[in-house]
Structure formats: C-alpha cells, structure tokens
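Working notes for the structure below.
Count residues from 1 along the sequence. No hydrogens, no waters, no symmetry mates; every other heavy atom, side chains included, goes into these values.
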Amino acid sequence: MTEAVASAAIYCMPLPDQARAERPASLRDYAYTQLRDAIVAGRLAPGERLRDPELEQWLGVSRTPIREAIARLETAGLVQTRRAKQTVVAPLDVRTALAAQRIAATLHALAVREAVPQLTAADLAAMREANAAFAAALRADDVDAAIAADDAFHGIAVRASADPLLPGLLEQVTPLLRRLERARFGSLAGRGSVADHDRIIEHCAAGRADEASRATHDNWSTLGRLLHLDDEAHSPITEAGAP
C-alpha cells in the first residue's frame, strides 16, 4: 500500500457527535438542518471535505436526502463543489456576509412593519422574554445562547407577519451571518442589541410600524459594523483560523 493510499484509508472527517436524536418527518430537512448547524457552529470547518459515506453513517440517512441537503447548502453559500465533484465546507467570505447582512436587515424590517398590526399581548411578552434571555446570555458571555435568543426575538415578528416567503428568504442569508458571528465573537460584552430590542418592543407595543421597522433595520445593520464587514468588504476571503 502506498503512503497516499494508506493516508486516505485512515482519514476520517471530524464529524460532530451522533445527531440521530429527534429526526423530523422529512429526512431531507433533517440532513440539511444538522449539516447547516454543524457548519455554522464551526464543528465542520472551512475547507473540510464532505464525504457521503461518512455523512450517511453520522446522520443515519441515505445518500439521496444528503445530496438534496447539500444542494440547499450550496445555494445558501455554506458548501462548495470543487474539481472532481469534491464537496467542501465553504470558506468564510466577508463580502458575501456583508451582502447577507444587508438583505437580512431589509427582510427583518419588512417583517416587523407587517407584523405590528398583528402582534398580540402574548407576542410582545414573548419578545420581552427573548430579550431578557439575550441579555442574560450576554452577561454570561454565552455566544450560542445569545444567538439563539436573538433568533427567537426576531422570529416572533417574522411569524406574526404571516408572510409565507420571509422564512425561506431569511434562511438563505441568516446562516452566513450567524456563521461569521460565531467565528468572530470571542466575547459578546460590547454588543448593544439589548437596548435596540427594547426600542423595537416599545415601538411595536405603541403600534408604530414604521418606527419599529426602522429600529429593526438599524439593529441588523449594527451587526455588520460589529463584525467589521464594511471595513473588509474588499479584502480577500478570510477563513477561520487563517491569519
């Protein structure tokens, strides 16, 4: 056995722990969600090759839903297909993240404008609860919990808007932002979104749809500044772990 063959024989993709706990009815959606979350969280690193047999073993599903999931991930900019049909985790691309941030800001502003007339007292209470969880995560410097709480906060308006297209459109851009956010934030202490959220809630509770929309757009635009996207928009692609 040659040295190259021997090396290939012992290589194993560093997959996360088994992910078979609670699978939804759609195996395609299950495979997509598991792969997306592993990439966003950095458990599958930029440049990591994705091999079907190893993914089948990890996810416990056949090749077909995995291929369908990878096609969605490629559309979302999270994976790339290279020469010889090799599928790899995409690098962290600042320019793409900046474009995603601008689109996310616009979509969330639209969601809030449409949601304000529909928001119930329970919705407003859920927004306050999510923001309290967000503030607690910031104090604990818990990146995962902060991002989950932030997603929960903004997700209330997206659901209340009842716009059938918004969730799918946001799914195209949000993972790119969250991925860079996790890679960049060693600490969340300087993030001021708690006050931003308070302003959004205040406008929503008062029925000020336009003001709530503008405050939401500003909130998502702040994320771009915190990640220094504008400063690096014309820089070369930056991968996690690269100088």
Side-chain angles (χ1 to χ4, degrees), residues 37 40-41 94 97-232:
D37 291 350
V40 169
V94 172
L98 176 59
Q101 177 266 322
R102 290 171 173 165
I103 294 170
T106 300
L107 291 176
H108 279 288
L110 173 63
V112 169
R113 181 179 288 108
E114 294 185 353
V116 166
Q118 317 300 328
L119 290 172
T120 65
D123 291 328
L124 293 170
M127 292 173 76
R128 294 186 182 98
E129 182 178 352
N131 199 30
F134 181 69
L138 293 182
R139 289 192 296 271
D141 206 25
D142 187 335
V143 176
D144 290 343
I147 289 175
D150 194 44
D151 283 340
F153 175 86
H154 291 288
I156 294 163
V158 172
R159 289 190 297 273
S161 74
D163 188 321
L165 297 181
L166 277 175
L169 293 171
L170 285 167
E171 180 60 31
Q172 290 295 306
V173 295
T174 305
L176 288 169
L177 281 176
R178 294 313 195 195
R179 185 184 181 210
L180 187 62
E181 194 172 7
R182 287 173 186 265
R184 288 289 182 85
F185 280 161
S187 170
L188 289 168
R191 187 169 181 185
S193 290
V194 174
D196 291 348
H197 291 173
D198 283 337
R199 281 191 291 274
I200 294 168
I201 295 169
E202 180 182 352
H203 290 312
C204 287
R208 298 189 291 263
D210 289 342
E211 291 87 341
S213 177
R214 283 194 293 270
T216 300
H217 191 280
D218 290 345
N219 177 237
W220 280 89
S221 297
T222 298
L223 176 60
R225 292 192 295 272
L226 285 168
L227 294 175
H228 308 296
L229 296 183
D230 291 304
D231 295 340
E232 301 179 23

Kindly give the heavy-atom pair with the smallest separation between [X] and [Y], and that separation in Å.
X	Y	result
P164	P167	O-CD, 3.8 Å
F134	S193	CE2-CB, 3.6 Å
M127	I156	N-CD1, 3.4 Å

Note: D218-R199 ion pair, threshold 4.0 Å (strictly below) |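 No, D218 and R199 are not salt-bridged.
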What do you reckon, is CD of E129 surrounded by more than 12 foreign heavy atoms closer than 6.0 Å?
->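 Open: at most 12 neighbouring heavy atoms sit under 6.0 Å from CD of E129.
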When rounded to the nearest 0.5 angstrom, what distance separates CD1 in I200 from CG in N131?
->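 Rounded to the nearest 0.5 Å, the CD1-CG separation comes to 8.5 Å.
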Measure the spacing between OG of S161 and CD of Q118 and express it to the nearest 0.5 Å.
->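 Result: 9.0 Å between the selected atoms.
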Could you give all pairs that pass the salt bridge (Lys or Arg N to Asp or Glu O under 4.0 Å) test and reach residues 202-216, with sequence neighbours left out?
->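 Those involving residues 202-216 are R113-D210, E202-R208.
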What pairs with T216 under side-chain hydrogen bond (donor to acceptor under 3.5 Å, both in side chains), at least two apart in sequence or on another chain?
->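 Testing T216 for side-chain hydrogen bond (donor to acceptor under 3.5 Å, both in side chains), a comparison that skips the adjacent residues, returns none.
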When you look at H154 and V112, which way does the side chain to side chain contact (heavy atoms under 4.5 Å, CB included) test go after all the steps?
-> CA-CA 9 Å; H154 291 288; V112 169; 5.8 Å; no
Taking the side chain from D123 and the backbone from T120, do they hold a donor-acceptor pair closer than 3.5 Å?
->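 Answer holds: yes.
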Using modelled atom types only, decide if a donor and an acceptor are shared between the side chain of S213 and the backbone of A109 within a distance under 3.5 Å.
->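 A pair under 3.5 Å: yes.
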Pick one: which of I201, V194, N219, D196 meets side-chain contact (heavy atoms from CB on, under 4.5 Å) with F153?
->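 With F153 as partner, I201, V194, N219, D196 yield a single side-chain contact (heavy atoms from CB on, under 4.5 Å), made by I201.
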